[in-house]
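Worksheet: the structure to be examined is printed underneath.
A quick note: this is a predicted structure, and the numbers were derived from the prediction, not measured. Atom set for the values below is all heavy atoms of this structure, side chains included, hydrogens, waters and symmetry mates excluded. Along the sequence shown, residues are numbered consecutively beginning with 1.
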Amino acid sequence: MKRAYRSSKFRHVYGKAASKDKCYDCVPITRNVHDNHFCAVNPHFIAVVTECVGGGAFIVIPIQQTGKLDPHYPKICGHKGNVLDVKWNPFNDFVIASCSEDASVKIWDIPKHLLTRNITNPKKELLGHVRKVDLIEWHPTANNILFSSGYDYKIMIWNLDTREAVISNPVKILDAHKDVVLSMSFNTDGSLLATACRDRKIRLIDPRAGTVLQVGLWSS
């Protein structure tokens, strides 16, 4: 018996490039070689890590502000080294975290109106890593809980719900890796954290207990 042919609705559908006035043009994207995405988006803004002389910076553009970007557009530029990752707070669209080669993590308040000048003073600064910090992730269900991973092979858990502007002591340190963490991701309720490491192992971690529940080994 001949199998019935199922045609796809999308077989002859083609994408169409947006016009220039609907694109974000002349954005100075960083040339720093790293494995991160260098951009983050939420319902109000798009954040892009950029080139910057004498330190690290990123820009925050309102979603509706398309077209050619002013070369003097204000930057968020409080890091002393290249910015390696930026992530929006899932509970507050006007708060963003950034991490850098200067071994720090910074939390920034973004004004609801358009930026008119450079922002250099963060809301909070997290100082605990001894080498560059390349990954940050907000906890998906617990407000003001941030995870950071650095080249010191440690994942640090930070509680931002304090009055201190500079936080030096993380809530917990996950010390299960013997090499650089290349990626980390939560499940939907934040009860499990998966990490991919340069030692070719994938680990499933209980972040509350700090224990490794399962390890998968890459064969190549």
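- Taking each heavy atom of Val60 and Trp88 in turn, the nearest pair found is CG1-CH2, 3.8 Å.
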Determine all donor-acceptor pairs shorter than 3.5 Å in which one atom belongs to a side chain in residues 106-117; sequence neighbours excluded.
| unit_1 | atom_1 | unit_2 | atom_2 | d |
| --- | --- | --- | --- | --- |
| Lys106 | NZ | Glu125 | OE2 | 2.6 |
| Trp108 | NE1 | Ser98 | OG | 2.9 |

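- Other residues sharing the hydrophobic cluster of Leu127, ordered by chain and number and joined by side-chain separations under 4.5 Å: Val166.
- Ile155 and Tyr151 are not part of a single hydrophobic cluster, where members link through side-chain heavy atoms under 4.5 Å apart.
- The number of heavy atoms from other shown groups lying within 6.0 Å of CD1 (Ile29) does not exceed 12.
- Hydrophobic cluster membership differs between Phe147 and Trp158, with clusters built from Ile, Leu, Val, Met, Phe, Trp and Tyr side chains linked at under 4.5 angstrom.
- Contacts of Asn92 classified as side chain to side chain contact (heavy atoms under 4.5 Å, CB included), with partners at least two apart in sequence or in another chain: Asn89, Phe94, Val95.
- With sequence neighbours excluded, the residues that form a side chain to side chain contact (heavy atoms under 4.5 Å, CB included) with Glu164 are Thr162, Ile167.
- In the hydrophobic clustering of this structure, Leu204 does not group with Leu135; members are Ile, Leu, Val, Met, Phe, Trp, Tyr whose side-chain heavy atoms approach within less than 4.5 Å, directly or through other members.
- Interatomic distance, Lys154 NZ to Lys172 NZ, rounded to the nearest 0.5 Å: 14.5 Å.
- Proximity of Ser149 to Asp134: side-chain heavy atoms (C-beta onward) are separated by under 4.5 Å at one or more points.
- Closest of all the heavy-atom pairs between Gly150 and His129 is N-CE1, 3.6 Å.
- Shown here for Leu69 and Pro28, the closest heavy-atom pair between the two residues is CD2-CD, 4.2 Å.
- When side chains are defined from C-beta on, Phe58 counts as touching Ile96, because their heavy atoms get closer than 4.5 Å.
- Of the possible polar contacts, one joining the Thr66 side chain to the Asp21 backbone as a donor-acceptor pair under 3.5 Å is found.
- With a 4.5 Å cut-off on side-chain heavy atoms, Lys132 and Leu84 count as touching.
- With sequence neighbours excluded, the residues forming a side-chain hydrogen bond (donor to acceptor under 3.5 Å, both in side chains) with Thr30 are Glu51, listed by chain and number.
- Within the 4.5 Å cutoff, the side chain of Ile76 has no heavy atoms near those of the Asn118 side chain.
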Determine all donor-acceptor pairs shorter than 3.5 Å in which one atom belongs to a side chain in residues 181-193; sequence neighbours excluded.
| unit_1 | atom_1 | unit_2 | atom_2 | d |
| --- | --- | --- | --- | --- |
| Asn187 | OD1 | Gly190 | N | 3.1 |
| Asn187 | OD1 | Ser191 | N | 3.0 |
| Asn187 | OD1 | Leu192 | N | 3.1 |
| Asn187 | ND2 | Asp189 | OD1 | 3.1 |
| Asn187 | ND2 | Ser191 | OG | 3.0 |
| Asp189 | OD1 | Ser191 | N | 3.0 |
| Asp189 | OD1 | Ser191 | OG | 2.7 |

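- Qualifying side chain to side chain contact (heavy atoms under 4.5 Å, CB included) partners for Ser100, counting only residues two or more places apart in sequence or in other chains: His79, Asp102.
- A continuous path of hydrophobic side-chain contacts links Ile136 to Trp138 [ILVMFWY only; heavy atoms under 4.5 Å].
- Side-chain contact check for Ile145 versus Asn143: every heavy-atom pair is 4.5 Å or farther apart.
- For residues 205-216, there are no salt bridge (Lys or Arg N to Asp or Glu O under 4.0 Å) pairs, not counting sequence neighbours.
- Leu174 and Met156 are not part of a single hydrophobic cluster, where members link through side-chain heavy atoms under 4.5 Å apart.
- Inter-residue side-chain proximity for Ile61 and Tyr24 is flagged as met; some heavy-atom pair is nearer than 4.5 Å.
- Not one N or O on the side chain of Asp161 forms a donor-acceptor pair closer than 3.5 Å with the backbone of Asn144.
- Applying the side-chain hydrogen bond (donor to acceptor under 3.5 Å, both in side chains) criterion to Asp199, with sequence neighbours excluded, gives Arg203.
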Practice task
Evaluate side-chain contact (heavy atoms from CB on, under 4.5 Å) for Ile157 paired with Leu146, printing each intermediate quantity in order.
Solution key: CA-CA 6 Å; Ile157 306 174; Leu146 183 73; over 6 Å; no

Practice task
Show the numbers, then the answer: is there a side-chain contact (heavy atoms from CB on, under 4.5 Å) between His139 and Phe91?
Solution key: CA-CA 10 Å; His139 194 279; Phe91 292 88; over 6 Å; no

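- Residues forming a side chain to side chain contact (heavy atoms under 4.5 Å, CB included) with Ala18 (at least two apart in sequence, or on another chain): Lys22, Cys23.
- In this structure, Cys99 and Leu126 have side chains that are not in contact, with every pair of non-hydrogen atoms separated by 4.5 Å or more.
- The shortest side-chain heavy-atom distance between Lys20 and Asp25 falls under the 4.5 Å cut-off.
- Salt-bridge formation is detected for the pair Asp85/Lys87: a Lys NZ or Arg NE/NH1/NH2 atom is positioned less than 4.0 Å from an Asp or Glu carboxylate oxygen.
- Take Arg198 and apply the side-chain hydrogen bond (donor to acceptor under 3.5 Å, both in side chains) test, not counting sequence neighbours, and it matches Asp179.
- For Ser168, there are no side-chain hydrogen bond (donor to acceptor under 3.5 Å, both in side chains) partners two or more places apart in sequence or in a different chain.
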